[in-house]
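In the text below, chain A, chain B and the rest are named by the order of the sequence lines, each starting its count at 1.
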2 protein chains.
Amino acid sequence: MPGIDEVAQLAGVSTATVSRALSGRGHVSPATKERVAAAASELGYVVSSSASGLATGRTRNVGVVIPFLNRWFYGAVIEGAQRRLLSHGYDLTLYNLSGGGDERRSVFEHFLLRKRVDAVIAINLELTPDEVTRLLDIDKPVVGVGGPLTGVRTLSIDDVEVSRLATEHLVSLGHRRIAHIGGDVEDERDFHVPTNRREGYEAALEAVGIPVDPTLYAPCDFTLQGAYHAAKQLLGSPRNRPTAVFAASDEMAIGTILAARDMGLRVPDDLSVIGIDDHELAEFFGLTTVAQFPELQGELAVEILMDQLHPENRAHGSLNTPLPYELVVRGSTARHDPRAR
Amino acid sequence: MPGIDEVAQLAGVSTATVSRALSGRGHVSPATKERVAAAASELGYVVSSSASGLATGRTRNVGVVIPFLNRWFYGAVIEGAQRRLLSHGYDLTLYNLSGGGDERRSVFEHFLLRKRVDAVIAINLELTPDEVTRLLDIDKPVVGVGGPLTGVRTLSIDDVEVSRLATEHLVSLGHRRIAHIGGDVEDERDFHVPTNRREGYEAALEAVGIPVDPTLYAPCDFTLQGAYHAAKQLLGSPRNRPTAVFAASDEMAIGTILAARDMGLRVPDDLSVIGIDDHELAEFFGLTTVAQFPELQGELAVEILMDQLHPENRAHGSLNTPLPYELVVRGSTARHDPRAR
DNA sequence: ATGAAAGCGCTAACAT
DNA sequence: ATGTTAGCGCTTTCAT
């Protein structure tokens, strides 16, 4: 592990010049800059992040806090964020909160504060005002992905609109008995996603005069399995069977498709199904969905953060950037055929 | 952001005592220890990891390097590792190599070397001797999960044995035409997992005198979709249709089950299917499988690392710890019925 | 454009 | 058991 002075010696300059040459801050003649670079690479020199961090107060490391890890969506966001951070020369330190309340406290009260990270990206976490203040007080920019967060730059998708779009797609195909399999309001760790999606669904129905039928709403736990069982209930109803289902996520939509198959219903002939996400398996199942682009979300979060890291363009207060979404029509939805059983 | 001297002042002691009291190193009377703790928490003091890292050479941060993020297996390993690291007061910095070759080089040549991490956990990565040397040279313990790695402590599952067990299960149920859907040898980033699994499969067959039929081996890309298509080929064969399929992963096994369903075959009556993993969806699909316990793997890796971090019990050379696995019998496998079509 | 030197905030060896 | 103090390896004024 060579240090900066060995590089300085080999290049025949002072450590100050090495530092300047390597970091790009301050003026160094092209010639010496080159000599320094050569010396550094010959020795395999890499700056010590502790030393550099101590001297500058910047660590080139970003903390990413997520509520779960084992969900396709989060993996994709992290992947996008990581890629972009690496390209900016930043590391990504991960804090997964799926453990429970105590873990969350210790992350916010200790881990994030020990000057290991320059900034924080919070994914689908409704930070408490206290948590936000804590971070902002020590001058750490925070970017939230997934919902409005007071005092913080955020990126979020308009869940109500996304749901409305999905539901409208079904309506436009002539469906009127449209069920919604949504998340349980119980575990709304995230930004009322279940509630918002339900609202969009109801708004779309009401807009065209279809009364909202509470028996066509089935809450479950946001998993394929949960949706499978919920769908069976819905589809088993002899009187009021829906002709279409809007599921709050693709995994749930896939559960619905599997349930329909098991009940001998053909998708889309007997039942149209639409989800949200554009999950990696959506194409395989021919699932119509409203795509959100989690990798892009991760990348965008990083770009915004990089902006914030340059104090000159640090926007204060809450600013929300809307996230893109897009209807992707595949084979799981079709025009409602009134003659179908 | 209070510093150590403010705490020292408030507690009426020297900074050295504060350091000792808070870190637990060196002797401090219980009384002062308590006073220091009170002062620290009153001020909201948290040590600066840069300063502490610079002074000690330890960062309380571990780098975890993985080839992919978007696979159930990796998410689970990371989750296990993270949980255990947090409980030891360590952070986890993630390096996802799914980007490609260049990314890998920059991670090993720069990111991991800038003294940001105390140690490295490599998951299913066949580190080159150069990569290992680089890390070991700067005295960073490395633990590999997933395969033998010269010069490094590793944890690995005996893939050959796992496969043999899975195959034997099918044999013991009376199956003789057993197909294997395995990974493509092309993309063996990891430890020849596809090859090893295939070997175990063949060994099990040969052990009972069943000739290995190359037409019953279908390589594909380790995804549900890939296996679905491979399975269709296998199951479509009018003459030589297998009565059982051993898939190299649960996702592939699920793809196989879906393919069988689509071809009108009942599982397990017409076709038995077994996988490897005990994936979160295995239970839902009633999949018989050989469980490996990825979260546990992550946890164990951390425990071994913690050992290595105390130089007194640092084992040199390569030591491999075998990882547990377990046959989980569910409904996707059944005795072969010779009368079945 | 480059060098000298003073920290950054903590830890650990050495004193007491 | 506690205090004093010299670094840890960089960055960044301030000179030149």
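Side-chain contact annotation: A/S52 with A/S49, donor-acceptor N/O pair under 3.5 Å absent. A side-chain donor from one of B/T154 and B/N320 sits under 3.5 Å from a side-chain acceptor of the other.
Between the C1' atom of D/dT2 and the CD atom of B/Q9 lies a distance of 17 Å, rounded to the nearest Å. D/dG9 atom C1' lies 15 Å from atom CZ of B/R116, rounded to whole Å. C/dT11 atom P lies 11 Å from atom CG of A/L54, rounded to whole Å. One can place CG of B/L22 at 16 Å from C1' of C/dA12, the figure rounded to the nearest angstrom. The CG atom of B/D5 sits 12 Å away from the C1' atom of C/dC8 (whole-angstrom rounding). Atom CD1 of A/I4 is separated from atom C1' of D/dC8 by 14 Å (rounded to the nearest Å). Across the protein-nucleic acid pair, A/E6 atom CD and D/dC10 atom C1' stand 14 Å apart, rounded to whole Å. Rounded to an integer number of Å, the gap from OH of A/Y45 to C1' of D/dT11 is 10 Å.
The environment of NE2 in A/H110 is sparse: at most 12 heavy-atom neighbours from other residues, nucleotides or ligands sit within 6.0 Å.
At a threshold of 4.0 angstrom between heavy atoms, the contacts of B/R58 are confined to the sugar-phosphate backbone, with no base atom among them. Residue B/V13 is in sugar-phosphate contact alone, with no base atom involved, counting any heavy-atom pair closer than 4.0 Å across all strands shown. B/T32 comes within 4.0 angstrom of sugar-phosphate atoms only, judged by non-hydrogen atoms across all strands, and of no base.
Set against C/dA1, D/dG3, D/dG9, the side chain of A/S29 has C/dA1 as its closest nucleotide. Side-chain atoms of A/S14 lie closest to C/dG3 of the nucleotides C/dG3, D/dC10, C/dT2. If you check C/dC10, C/dG9, D/dT2 against the side chain of B/T17, the one that comes closest is D/dT2.
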field: A/D307 and A/R153: CA distance, side-chain angles, deciding distance, salt bridge (Lys or Arg N to Asp or Glu O under 4.0 Å) verdict
entry: CA-CA 11 Å; A/D307 257 26; A/R153 283 279 255 143; 5.1 Å; no
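For the pair B/H27 and B/A55, both in contact range of DNA chain D, the more 5′-proximal nearest nucleotide belongs to B/H27. Toward the 5′ end of DNA chain D lies the nearest nucleotide of B/A51, the other residue of the pair A/S19 and B/A51 mapping further downstream.
The side-chain heavy atoms of B/Y74 and B/N124, taken from C-beta on, include a pair separated by under 4.5 Å.
Using a 4.0 Å cut-off between charged nitrogen and carboxylate oxygen, A/R134 and A/D137 do not count as a salt-bridge pair.
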Between the protein and nucleotides 13-16 of chain C, which nitrogen or oxygen pairs come in under 3.5 angstrom?
none

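Residue A/R25 places at least one side-chain N or O closer than 4.0 Å to OP1 or OP2 of D/dT12.
The backbone N or O of B/V62 sits nowhere less than 3.5 Å from a side-chain atom of B/D118 that would complete a donor-acceptor pair.
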